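Excluded from the calculations below are hydrogen atoms, water molecules and symmetry mates; all remaining heavy atoms, backbone and side chain alike, are included. In the text below, chain A, chain B and the rest are named by the order of the sequence lines, each starting its count at 1. Just so it is clear, the structure is predicted and the values come from calculations on it, not from any experiment.
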Amino acid sequence: MNVRTLLLSVLLLAPVAAHAQRMTGTMDSRRSTLAYAAHHPTHDWRATSRSVTGTVAFDPATPSGASVTMRVPVESFDSGNDSRDDHMIDAVKGDDFPTIVFTSSRVVPTAWTRSADGWSGVWQVTGGMQFAGRTVEMTLPVRVAVRGTSFSATSQFPISITAFGIRPPSLLGLAMRDNVEITATLAATLR
Amino acid sequence: MRRLLLLAVTLAATTGAMAAPDTTLVVPSSPAFAVEPSVLDSAEVGFRQMTEAPDVLALPDPSALGRMGDAVTLPSLAETDLPGAPDMRPVVFEPATQVDADGELAPADSLVLPARMPFYTRMFWGRHGLIRTLGLAPSSRRGELELRRSMLTWHQRMGLVTWAAFTGQFVMGEIMAADPQKRADLGELHRATGYTTFALYMGTASLSLGAPPGRRYSNRFSSTKLHKYLAIIHFSGMAATPLLGAWVAEGSGTSYDTRLNTHQWVTRVTYAAYSAALATMYLLR
């Protein structure tokens with residue numbers, strides 16, 4: 001193999017190496033939120049945590065090998081009503097299990113497209129949600145976008161709090177609904 | 001040169017799908033991926049705040065993805081530890097009391113209480129509050145929080161019972177005020193149920209006023225804050241109502257009608273404030 005051949009091979013292999021690169025990132029707590037929308041027979045409310053931490057690691061060319069971890073302190077949810085937030089911490093056993101953790105075990109990209117801006121699409125992320133002392137496996141639809149080194153993901157999904165062994169807390173004799181809608185907005189800078 | 005050309009063609013074919021702009025990654029063509037996009041709806045998930053999904057969207061069979069509630073093996077906590085991540089361990093509550101140099105019970109040095117406690121909470125449960133001074137406080141903050149939850153739950157229950165008793169008492173008083181004959185017939189009953197309502201009310205109020213401090217207090221306005229502001233009105237009214245009732249029956253110096261009107265309007269305002277305080281908890285976010 002002469003020098004010219006070697007040089008050309010290196011040039012041609014460079015894009016392959018770039019695409020095969022596994023990128024990792026740490027969640028940016030300033031731009032990441034996890035919110036829940038809960039329902040009582042007489043009113044609804046929404047609480048948001050701005051203390052989301054976690055990591056994401058994946059290769060844009062083969063996102064099925066991606067891994068995502070997310071952690072949120074239970075006490076960080078703010079609904080604008082201290083008394084209600086206090087009650088929710090009690091209800092979800094927040095003193096014994098102070099952190100909600102989601103750890104992915106499988107990622108299936110159902111649509112993953114590359115454009116001039118970067119990559120975007122939808123992943124079905126299967127993993128375990130640790131909450132209130134119980135781990136429940138769930139598959140979440142996550143819309144993912146990668147623009148340069150900026151990673152963003154959004155997902156909206158319902159959970160059943162009784163599936164986590166939580167007795168729905170009640171106000172004045174009426175219990176809140178079992179189903180709670182979760183909205184996750186995650187942002188990370190990739191390396 | 002031919003070898004070089006062959007190598008270039010091979011590499012170009014390998015990288016083509018990834019390097020070309022606006023190219024779609026081919027998802028494995030197993031039958032599990034031949035599900036219509038409407039699966040999103042049937043799975044009760046959606047992207048209301050997101051832009052339209054690409055046309056190429058094809059979702060996997062939900063049954064192949066596992067169901068909520070299935071057992072799952074996950075990495076241990078140690079394996080998922082992250083630098084700077086929140087602590088996964090249960091909250092450790094330091095003892096709230098200690099024995100001081102004189103052998104007396106005193107608040108523990110490690111006791112951390114929330115800022116901006118209401119004055120009545122501080123009076124009972126502050127570092128030098130009455131409950132701690134008397135040595136009646138639970139031995140840990142955890143115990144205090146459990147006691148608080150229990151007291152506030154009973155506050156809610158008794159609040160409803162008190163509202164029912166107050167409603168009966170209020171209606172009876174209005175009937176008596178409108179009909180002198182009924183006033184004579186129901187006078188003793190009104191007095192007895194009045195004392196009962198008063199006792200229920202004070203019991204309900206003491207469960208809230210005497211509860212240990214919560215985890216945090218802010219200055220923001222909320223339905224709970226409105227509930228407390230209304231409580232100032234109905235507590236004042238409820239404290240005055242029995243005295244006014246006695247004044248109506250036995251007072252002198254002013255006309256009977258004036259005394260009756262005063263009692264009636266104070267009770268109306270008190271009842272309205274109490275009902276509104278109850279409604280704020282049900283109806284406001």
Review point. Taking C-beta and beyond as the side chain, do B/Arg215 and A/Ile89 meet within less than 4.5 Å on heavy atoms?
Key: yes
Check your understanding: Would you say A/His43's side chain and B/Tyr282's backbone share a donor-acceptor pair under 3.5 angstrom?
Key -> yes
Practice item. Heavy-atom distances under 4.5 Å only: say whether A/Ser29 touches chain B with side chain, backbone, both or neither. Key: neither
**Study point:** CZ/A/Arg50: more than 12 non-hydrogen atoms of other groups inside 6.0 Å
**Key:** no
Check your understanding: CH2 of B/Trp125: more than 12 outside heavy atoms within 6.0 angstrom?
Key -> yes
Exercise for review: Determine, step by step, whether A/Asn81 and B/Ser223 satisfy the side-chain hydrogen bond (donor to acceptor under 3.5 Å, both in side chains) criterion, reporting the C-alpha distance in whole Å, the side-chain angles of both residues, the deciding distance to 0.1 Å, and the verdict.
Suggested key: CA-CA 7 Å; A/Asn81 184 325; B/Ser223 57; 3.1 Å; yes
Review point. With a 4.5 Å heavy-atom cut-off, do A/His87 and B/Arg149 have their side chains touching?
Key: yes
Practice item. State whether the number of non-hydrogen atoms from other residues, nucleotides or ligands found under 6.0 Å of A/Arg167 atom CZ is greater than 12. Key: no
Practice item. For B/Ser222 and A/Gly80, work out which heavy atoms get closest and say how close. Key: CB-O, 3.4 Å
Study note, to complete from the structure: With chain B, the option among A/Asp117, A/Leu140, A/Leu171 that has the most non-hydrogen atom pairs under 4.5 Å is A/Leu171
Review point. Going by heavy atoms in the side chains, are A/Asp95 and B/Arg141 under 4.5 Å from each other?
Key: no
Check your understanding: By number, which residues in residues 151-159 of chain B have some heavy atom less than 4.5 Å away from chain A?
Key -> B/Gln156
**Study point:** Side-chain heavy-atom pair B/Arg148, A/Asp90 within 4.5 angstrom cut-off
**Key:** no
Check your understanding: Step by step, would you call B/Met281 with A/Thr42 a side chain to side chain contact (heavy atoms under 4.5 Å, CB included)?
Key -> CA-CA 9 Å; B/Met281 298 310 288; A/Thr42 60; over 6 Å; no
Exercise for review: Step by step, work out the salt bridge (charged side-chain N to carboxylate O under 4.0 Å, His left out) result for A/Asp96 and B/Arg142.
Suggested key: CA-CA 10 Å; A/Asp96 292 320; B/Arg142 182 178 195 132; 2.8 Å; yes
Practice item. Flag yes if more than 12 heavy atoms outside B/Tyr217 fall under 6.0 Å of its OH atom; otherwise flag no. Key: yes
Review point. Per the salt bridge (Lys or Arg N to Asp or Glu O under 4.0 Å) rule, which among A/Asp86, A/Asp85, A/Asp78 passes with B/Arg216?
Key: A/Asp85
